[in-house]
S.K.: 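Pasting a structure below so you can have a look.
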Amino acid sequence: QVQLVESVGGLVQAGGSLRLSCAASGRIFSIGGMGWYRQAPGKQRETVAFITSGGSTNYADSVKGRFTISRGNAKNTVYLQMNSLKPEDTGVYYCATAGRVTAVVAGSWDYWGQGTQVTVSS
């Protein structure tokens, strides 16, 4: 079992920035990678970014150049720096992890956090 705890999101104006963090505990030695996905009303779930255990990163086209995923030195913490936020970035953001790198790449998550609301006003 892996437990994930996300930081609180928030309300930000368009063009602003927000940083999310997520700490993993439990069987973290089995983590193939960590990532963030978001869910907005009426929209499909979207993997925003992920970072594999080897340090490779990947971003959704919708956030490339604006969002940056990184991890802490202990590798059980992941951050999502969100800049130049747009109203369409609004949604519930979930930190997630999977045991296999292939699952991380596919967005097939084994564990996820409780989610945190990010609202971008226009």
Side-chain angles (χ1 to χ4, degrees):
Q1 287 280 356
V2 176
Q3 293 79 42
L4 300 164
V5 179
E6 300 125 340
S7 59
V8 176
L11 171 65
V12 63
Q13 287 190 328
S17 298
L18 200 60
R19 189 192 196 208
L20 302 179
S21 63
C22 172
S25 61
R27 296 174 62 89
I28 58 175
F29 58 86
S30 63
I31 290 177
M34 298 178 71
W36 294 88
Y37 69 88
R38 64 188 179 190
Q39 182 72 63
K43 294 185 179 180
Q44 282 192 323
R45 187 179 84 176
E46 177 183 34
T47 294
V48 174
F50 65 78
I51 182 166
T52 68
S53 55
S56 297
T57 59
N58 193 70
Y59 299 90
D61 288 342
S62 58
V63 307
K64 278 181 182 175
R66 300 187 298 120
F67 290 13
T68 302
I69 190 169
S70 61
R71 59 188 180 191
N73 292 333
K75 297 185 180 180
N76 68 321
T77 302
V78 67
Y79 305 95
L80 186 67
Q81 178 67 44
M82 303 184 290
N83 299 328
S84 302
L85 283 161
K86 304 176 181 180
E88 51 263 44
D89 294 319
T90 294
V92 179
Y93 284 69
Y94 297 85
C95 175
T97 184
R100 295 172 291 117
V101 174
T102 50
V104 172
V105 173
S108 181
W109 309 107
D110 296 326
Y111 303 100
W112 47 91
Q114 77 281 5
T116 187
Q117 178 70 45
V118 172
T119 302
V120 184
S121 63
S122 58

S.K.: Should we count CD of Gln1 as having more than 12 external heavy atoms under 6.0 Å?
M.R.: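 No, the 6.0 Å shell around CD holds no more than 12 heavy atoms from other groups.
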S.K.: Is Asn76 reaching over with its side chain to a backbone N or O of Ala23, donor-acceptor style, under 3.5 angstrom?
M.R.: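 The answer is no, because no donor-acceptor pair under 3.5 Å joins these two groups.
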S.K.: Could you state the interatomic distance from CE (Met34) to CD1 (Ile51), rounded to the nearest 0.5 Å?
M.R.: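 So the CE of Met34 and the CD1 of Ile51 are separated by 9.5 Å.
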S.K.: Can you tell me if Glu6 uses its side chain to pair, donor with acceptor, with the backbone of Gly115 under 3.5 Å?
M.R.: yes
S.K.: Roughly how far apart are Leu18 CG and Phe67 CZ, rounded to 0.5 Å?
M.R.: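 Those atoms lie 9.0 Å apart.
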S.K.: Kindly write out the residues that satisfy side-chain hydrogen bond (donor to acceptor under 3.5 Å, both in side chains) with Arg38, not counting sequence neighbours, or none if the list is empty.
M.R.: Glu46, Ser62, Asp89, Tyr93
S.K.: Can you name the nearest heavy-atom pair linking Thr90 to Ala40, along with the distance?
M.R.: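 In terms of heavy atoms, the two residues are closest at O-CB, 3.5 Å.
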S.K.: List the atom of Val104, the atom of Ala98, and the distance in Å for their closest heavy-atom pair.
M.R.: CG2-CB, 3.8 Å
S.K.: Are Ile31 and Tyr111 close enough, and set up right, to give a side-chain contact (heavy atoms from CB on, under 4.5 Å), and what steps lead you there?
M.R.: CA-CA 10 Å; Ile31 290 177; Tyr111 303 100; over 6 Å; no
S.K.: Are Met82 and Val120 linked, directly or through intermediate hydrophobic residues, by side-chain heavy-atom contacts shorter than 4.5 Å (ILVMFWY only)?
M.R.: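 Linked, Val120 and Met82 end up in one cluster.
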S.K.: Suppose the criterion is salt bridge (charged side-chain N to carboxylate O under 4.0 Å, His left out): which pairs have a residue in residues 10-27, not counting sequence neighbours?
M.R.: none
S.K.: So do Val78 and Trp36 actually touch side chain to side chain, heavy atoms under 4.5 Å?
M.R.: yes
S.K.: Hydrophobic cluster membership, with links at side-chain heavy-atom distances under 4.5 Å among I/L/V/M/F/W/Y: are Val118 and Val48 in one?
M.R.: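 In one cluster: yes.
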S.K.: Donor-acceptor pair, distance only, cut-off 3.5 Å: does the side chain of Thr68 make one with the backbone of Gln81?
M.R.: no
S.K.: Short question: side chain of Gln117, backbone of Gly9 - any donor-acceptor pair under 3.5 Å?
M.R.: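 No; zero donor-acceptor contacts below 3.5 Å.
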S.K.: Do Tyr37 and Trp112 have side-chain heavy atoms sitting under 4.5 Å apart?
M.R.: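 Tyr37 reaches Trp112 side chain to side chain.
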S.K.: State, yes or no, whether a side-chain contact exists between Arg66 and Tyr59 at a heavy-atom distance under 4.5 Å.
M.R.: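 When only atoms from C-beta onward are counted, Tyr59 and Arg66 do not touch, as no gap falls below 4.5 Å.
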S.K.: Once ring-ring contact (aromatic ring centres under 6.0 Å, His included) is applied, do any residues pair with Tyr79, and if so which ones, sequence neighbours excluded?
M.R.: none
S.K.: Over all heavy atoms of both residues, which pair between Ala49 and Leu80 is shortest? Give the atoms and the distance, please.
M.R.: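 Residues Ala49 and Leu80, closest heavy atoms: CB-CD1, 4.2 Å.
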S.K.: Verify the cluster assignment for Val92 and Leu4: are they in a single hydrophobic cluster under the rule of side-chain heavy atoms below 4.5 Å apart?
M.R.: no
S.K.: What is the minimum heavy-atom distance between Ser17 and Ser84, and which atoms define it?
M.R.: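 Scanning both residues completely, I find the closest heavy atoms to be OG-N, 4.3 Å.
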S.K.: Restricting to non-hydrogen atoms, name the atom on Lys43 and the atom on Glu88 that form the minimum distance, rounded to 0.1 Å.
M.R.: NZ-O, 4.0 Å
S.K.: Taking all heavy atoms of Gly107 and all of Thr47, pick out the closest pair and write down the distance.
M.R.: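 Of all heavy-atom pairs spanning Gly107 and Thr47, the closest is CA-OG1, 3.9 Å.
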S.K.: Looking at Ser53, is its backbone amide N or carbonyl O close enough to the side chain of Arg71 to form a donor-acceptor pair, meaning the two atoms are under 3.5 Å apart?
M.R.: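 Checking the backbone N and O of Ser53 against the side chain of Arg71, a donor-acceptor pair under 3.5 Å is found.
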S.K.: Starting from Val63, can I reach Phe50 by hopping between I/L/V/M/F/W/Y residues whose side chains sit under 4.5 Å apart?
M.R.: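 Cluster IDs for Phe50 and Val63 differ.
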